[in-house]
Structure formats: C-alpha cells, structure tokens
Amino acid sequence: MTTNRRSFLKLSLMAGGSVGVGLFPGVAALSAPASPKPLRILILGGTGFTGPFQVKYALDHGHKVTVFNRGRTHPGELPKEAEQLIGDRNGQLDALKGRTWDVVIDNPATLPVWVRDAAQILKGNADRYVYISSTAVYADVSKTGLEETMPLAKYTGPDAMKETSATMRASNFALFGPLKAQSEAEAEKWFPGKALIIRPGYIVGPGDETDRFTYWPLRVERGGEMLAPGHPADPMQIIDARDLAEWTIRMVEQGTVGAFNAVGPKTKLTMGQMLNDIKKTTKSDASFTWVDDEFLKEQKIIDDIPIWTSPKGSEIGYLTTNSQKAIRHGLTFRPLSDTTKATLDWFHKQTADRQSKLRAGIKPEREREVLAAWHARQK
Ligand SMILES: NC(=O)c1ccc[n+]([C@@H]2O[C@H](COP(=O)([O-])OP(=O)(O)OC[C@H]3O[C@@H](n4cnc5c(N)ncnc54)[C@H](OP(=O)(O)O)[C@@H]3O)[C@@H](O)[C@H]2O)c1
C-alpha cells in the first residue's frame, strides 16, 4: 500500500474526533418539508463532521434524534431538540440498553467489534441499521469505475473482532479497508436484509478537519502562481458532507437498504474544472502551472498533494467511483461554489492557531522550490 493510500485512510479515520470551532452553527437553515412519518433516529456519533448535518436535517424534517457519543467532540453544540446519550464504543454501551428506535445510523465505526457490540444490543430494539462505510472497502482500488458489486477487501488477520484502533494504526492503516468491509458484514449479520451501507469517497466541506479539500480553496484564494498537479483532465471526485448527510436521512425516510457508493458530483469533474471553479468563486488571480506526475514523484511531493491522484497510480478508483445507483436513489449535489464558499467561511472562523496549521497540502516554500525547479527544467 502506498503512502498516499495510507494517508487517505488515516485521515478518513481521524475525521471522527475533531474539537474545532462551531460546526453546528454553520449548518444552513433548511426549508425542507417534514417527512410523512416522523422517525426515532439514533445516531451513533453525530457530533463530528457529517453527524451534525444529519442531526440538523433530521430535526428539520420532524424526526426525533438521539446521539450516542463520549461527549468530547464539539461539546455544547448539539441542538437542544436532540437527546444525547453518553458512552463509549469500546465497551461502554449501557446507555443504549432498554431503548427503542426506528433506525440507527452508525457513523464512526471502523472496527467490526464496535458494530457487533452496538448491533447486538440494538437488534430487536431498532428496525434498521445504517452503516457509514467507505470506498476503501474495495479489494482493488487501482480499477476505475468502482461499483457496489465489485469484490471487497478481505481481512486475513487472526481475529477481526480483536482488532483495535491501535492495531489498525500499527498496520499503517492497511487494515482500514478490510475492517470497514468486515464492519459492513457485521451490520448485515445483525440486521439481515435491513442494513443500509453507504460508501463515501472523499467527504469535504465545512467542518472537514483533514484540510484535504480545504487546501485547494485556500491555496487558490491566496493567488499568484500555483502548482497544479498532473493534467487538467485528471479526474476528481468529492462529496460535500451536507449532501451526504441529507441524502442519508432521505434514504432512512425511504427505508432503503443495500450498498451504495456516495461520491460526487453528478457529472464528470476534472482537476482543471475544480481549480477554475474555485478560482471563479474566490475571484482569485491564481495562475495554474501544471506539473506532471513524473516530476512530482522525482521531487518527492506527489504524496503531499491531497485528494488528486495520478491516473496512472494505484488509487484511481477513489476518483472514478460509480455513484449512479445512489443518484437513482435521490443523491443530489450542491454546486462546487457553495462547497468552496462554505469551506472557506468555516475555516476562516477557526482559531488563528488552527488556521496556521494546515493539515494537508504543499507548504508554500516547498511549492516555490518545486515550481522553480520545474521552470528551470523547461528551459
Ligand atoms: N472523511 C472522509 O473523507 C471519509 C471518507 C470515507 C468514509 N468516511 C467515513 O465516514 C464516517 C465519518 O464519520 P464522521 O466523523 O463524519 O461522523 P460524526 O458522527 O460526525 O463524528 C464522529 C462521532 O463519533 C464519536 N466517537 C468517536 N469515538 C467514539 C467512541 N469511542 N465512542 C463513542 N463515540 C465516539 C464522536 O464523538 P466523541 O468524540 O464525543 O465521542 C463523534 O460524535 C466514518 O465512518 C469514516 O470512516 C470518511
């Protein structure tokens, strides 16, 4: 597994534990009509990145929402209409006992034991189980056009139920995909025929503590000559956390089950289109210098470039995933300009310290060096 893939997986995993500033207040007011049948929805997690958007949308649709978490992430920001149960997926699940819900949405689980332990308690007390998985479950992400029916990564260790966050880290996150796949299987095992599996690709937007997408709007906004990776026609796929969260709730309302990839946008997006769209939105004077894959490799910065991947590389599946099934089931996408604006608004409200420590992207000095070397080579 390459460093690039490791960083994708690692950052996907880390997205569950942010303490950044003000995510719930950033949730746009929605004028969506109330669902025909109000549901009692239990959200395992609910206070990190995508969870708050699920909570807000579900409340706006007239549902009753309970969240279950440790109370560490974004404390004090949960809307007062939602109930909060405190516990820990590592064995402290008492708060879930003796309660009933229509549907459970499991956001943060990467370990099959987390799914098993929660699902064991909830079986019989909830009708359906929604598991937020990842496109990392596919056995071969070097293939383009990942589809739901493709083979999944197999766990080949001694006992998947004994894996922990620590053992996953120790594996350099090679276990991430296989354990997500096993977690899907657990959801289906305890809720046979009643599990909805959602497999997002790169989730982006306001509240994304990984900065993988955020790097691009910030960099374009800064302006000037900017390193653009590969070729303008290289594929790009992202999903706004709000689109994912809202669609998840609509799927819950429809009672849909089965596995669904969830990436955006609806029509093909290229790296060049993404950067130009961001440039237009930010009214920036940025000029893009496209630097080819080989040179990025030579300069050893190819793995520092977030989200983009070389079409010749081993992870092109992450940026060419087929989401047609989800689109047929009502997945919609807000314009990229909305994602760009909301991401920048959110990021600029973070503390000065947080803003000074971007967690992804090329450092300005390094970018200047690589561009100078690239121009020198062109002479
Ligand atoms: N980010 C990406 O690009 C990406 C891509 C593909 C798939 N995914 C998947 O999408 C999901 C995203 O989840 P999210 O972070 O947006 O969900 P979220 O529900 O918004 O946030 C994670 C929640 O989990 C809770 N939590 C963490 N550890 C816990 C524990 N030990 N016990 C109880 N609660 C715990 C956190 O609260 P406390 O800290 O207060 O407990 C927080 O409420 C993940 O499954 C991830 O693998 C992400």
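Read the numbers this way: they start at 1 and go in the same order the structure lists the ligands and their atoms.
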Lys/Arg-Asp/Glu bridge criterion (N-O < 4.0 Å) met for [X], [Y]:
X	Y	value
Lys280	Asp277	no
Arg366	Asp304	no
Lys56	Asp60	yes
Glu83	Arg40	no

Is there a polar contact between ligand 1 and [X], counting only N or O atoms under 3.5 Å apart?
X	answer
Phe68	no
Pro200	no
Gly51	yes

With atoms numbered from 1 as shown, which atoms in ligand 1 lie under 4.0 angstrom from a non-hydrogen atom of [X]?
X	result
Trp114	28 (N), 29 (C), 30 (C), 31 (N)
Gly201	3 (O), 4 (C), 5 (C), 6 (C)
Gly48	18 (P), 20 (O), 21 (O), 42 (C), 43 (O)
Arg89	30 (C), 31 (N), 32 (N), 33 (C)
Gly71	40 (O)
Arg72	38 (P), 39 (O), 40 (O)

Looking only at heavy atoms, is any part of [X] under 4.0 Å from ligand 1, and if so is it the side chain, the backbone, or both, or is it neither?
X	value
Phe53	neither
Lys180	side chain
Arg212	side chain
Tyr202	backbone
Ser133	backbone

Considering only heavy atoms, which of [options] lies nearest to [atom]?
atom	options	result
atom 10 (O) of ligand 1	Val55, Thr50, Leu78, Ile132	Ile132
atom 42 (C) of ligand 1	Thr47, Leu44, Ile238	Thr47
atom 17 (O) of ligand 1	Asn107, Leu85, Asp106	Asn107

Over 60° means perpendicular and under 30° means parallel, so tell me whether Phe191 and Tyr129 are parallel, tilted or perpendicular.
tilted
Looking only at heavy atoms of Pro52, does any of them come nearer than 4.0 Å to an atom of ligand 1?
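Right, Pro52 reaches ligand 1.
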Quick one: side chain to side chain donor-acceptor pair (under 3.5 Å) partners of Ser133, sequence neighbours excluded?
Glu184
Under the side chain to side chain donor-acceptor pair (under 3.5 Å) rule, collect the residues that match up with Lys80, sequence neighbours excluded.
none
Checking side chain to side chain donor-acceptor pair (under 3.5 Å) against Thr332, which of Arg250, Lys266, Glu246 comes through?
Arg250
Trp247 side chain to His329 main-chain N or O, any donor-acceptor pair under 3.5 Å?
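Yes, Trp247 side chain to His329 backbone: donor-acceptor pair under 3.5 Å.
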Answer yes or no: is there a donor N or O on one side and an acceptor on the other, between the side chain of Asp292 and the main chain of Phe295, under 3.5 Å?
yes
Report, as yes or no, whether the 6.0 Å neighbourhood of atom NZ on Lys325 holds more than 12 heavy atoms from other residues, nucleotides or ligands.
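Counting other residues, nucleotides and ligands, NZ of Lys325 exceeds 12 neighbours.
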